[in-house]
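What follows is a single structure, written as structure tokens, with notes after it.
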Amino acid sequence: GVILAIAQWMIIRTKIYSAVWWLFATLIGWILGGAIMAIVKGLPGIAIMIKIIALSFNGFIIGLVQWIVLRKKVKDAGLWILANIIGWGISIFPADLFSYLGYMALNKVGGYWINHIFVGSSWVIGDALGFIATGIFTGIITGLILLWFFRSKSHQTIPTLLQNPS
């Protein structure tokens, strides 16, 4: 999450004067969305559809607080919320795939020793790979939207709000 927020901020700061608020908005979004995800993650035997809905809602929360930074500075900034909903919602597929592959690979390599000496470590590493896949996948989708916002002539930032107030 932090790496994704910083990467987005590096793009935004070149176009928007008050881009420092981006990092704060992202932190708030992660706290709110992360609380919901922690609850859902802890539910046993959770169905894929519930995961998609939960991740989409997480994307909505993060996109909404980030939209507050973009709304007066980027034309059609509401698309940012939609990009986050889609990016987060469908990121469950690569996340679950990489999580499972990481778990299986560690079990094959480490077998008995990994699972009995470091109890649960294969799930932790598998989940870590899933989180990384989520960040990469979501970052690609939201990154493309950011580039479209700032490269498309019809979606340029609103010039009067970009002026340095000093």
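No experiment lies behind these values; they were computed from the predicted model shown.
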Original post:
Of Ile28, Ile81, Thr26, which is the lone residue that meets side-chain contact (heavy atoms from CB on, under 4.5 Å) with Val65?
Top reply: Ile28

Original post:
Who pairs with Trp80 by side chain to side chain donor-acceptor pair (under 3.5 Å), at least two apart in sequence or on another chain?
Top reply: Gln66

Original post:
Who passes side chain to side chain donor-acceptor pair (under 3.5 Å) against Thr138, sequence neighbours left out?
Top reply: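 Testing Thr138 for side chain to side chain donor-acceptor pair (under 3.5 Å), a comparison that skips the adjacent residues, returns none.
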
Subject >> With Phe57 via side chain to side chain contact (heavy atoms under 4.5 Å, CB included) - residues at least two apart >> reply: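 Partners of Phe57 under the side chain to side chain contact (heavy atoms under 4.5 Å, CB included) test: Ile36, Phe60, Ile61.
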
To the nearest 0.5 Å, how far apart are [atom1] in [X] and [atom2] in [Y]?
| X | Y | atom1 | atom2 | answer |
| --- | --- | --- | --- | --- |
| Leu70 | Gln8 | CG | CD | 9.0 Å |
| Trp67 | Leu79 | CH2 | CG | 12.0 Å |
| Ile85 | Ile141 | CD1 | CD1 | 12.5 Å |
| Ser91 | Ile86 | OG | CD1 | 12.0 Å |

On a heavy-atom basis, which atom in [X] and which in [Y] lie closest, and how many Å separate them?
| X | Y | answer |
| --- | --- | --- |
| Val69 | Ala25 | CG2-CB, 3.9 Å |
| Ala133 | Pro94 | CB-O, 3.8 Å |
| Thr134 | Trp88 | CG2-CZ3, 3.3 Å |

**OP:** Taking ring-ring contact (aromatic ring centres under 6.0 Å, His included) as the test, write out the residues that go with Phe93, two or more places apart.
**Re:**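 Here no residue qualifies.
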
**OP:** Could you go through the side chain to side chain contact (heavy atoms under 4.5 Å, CB included) check for Asn84 and Leu64 one step at a time?
**Re:** CA-CA 9 Å; Asn84 271 278; Leu64 181 66; over 6 Å; no

Subject >> Members besides Leu27 in its Ile/Leu/Val/Met/Phe/Trp/Tyr cluster (side-chain heavy atoms under 4.5 Å) >> reply: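 Members besides Leu27, by chain and number: Ile31.
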
**OP:** Hydrophobic side-chain clustering at under 4.5 Å (ILVMFWY, transitive links): who's grouped with Leu144? Put none if nobody.
**Re:**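 Besides Leu144, the hydrophobic cluster comprises Ile132, Ile136, Ile140, listed by chain and residue number.
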
Subject >> Test side chain to side chain contact (heavy atoms under 4.5 Å, CB included) applied to Ile90 and Phe137, step by step >> reply: CA-CA 9 Å; Ile90 60 178; Phe137 194 81; 3.5 Å; yes

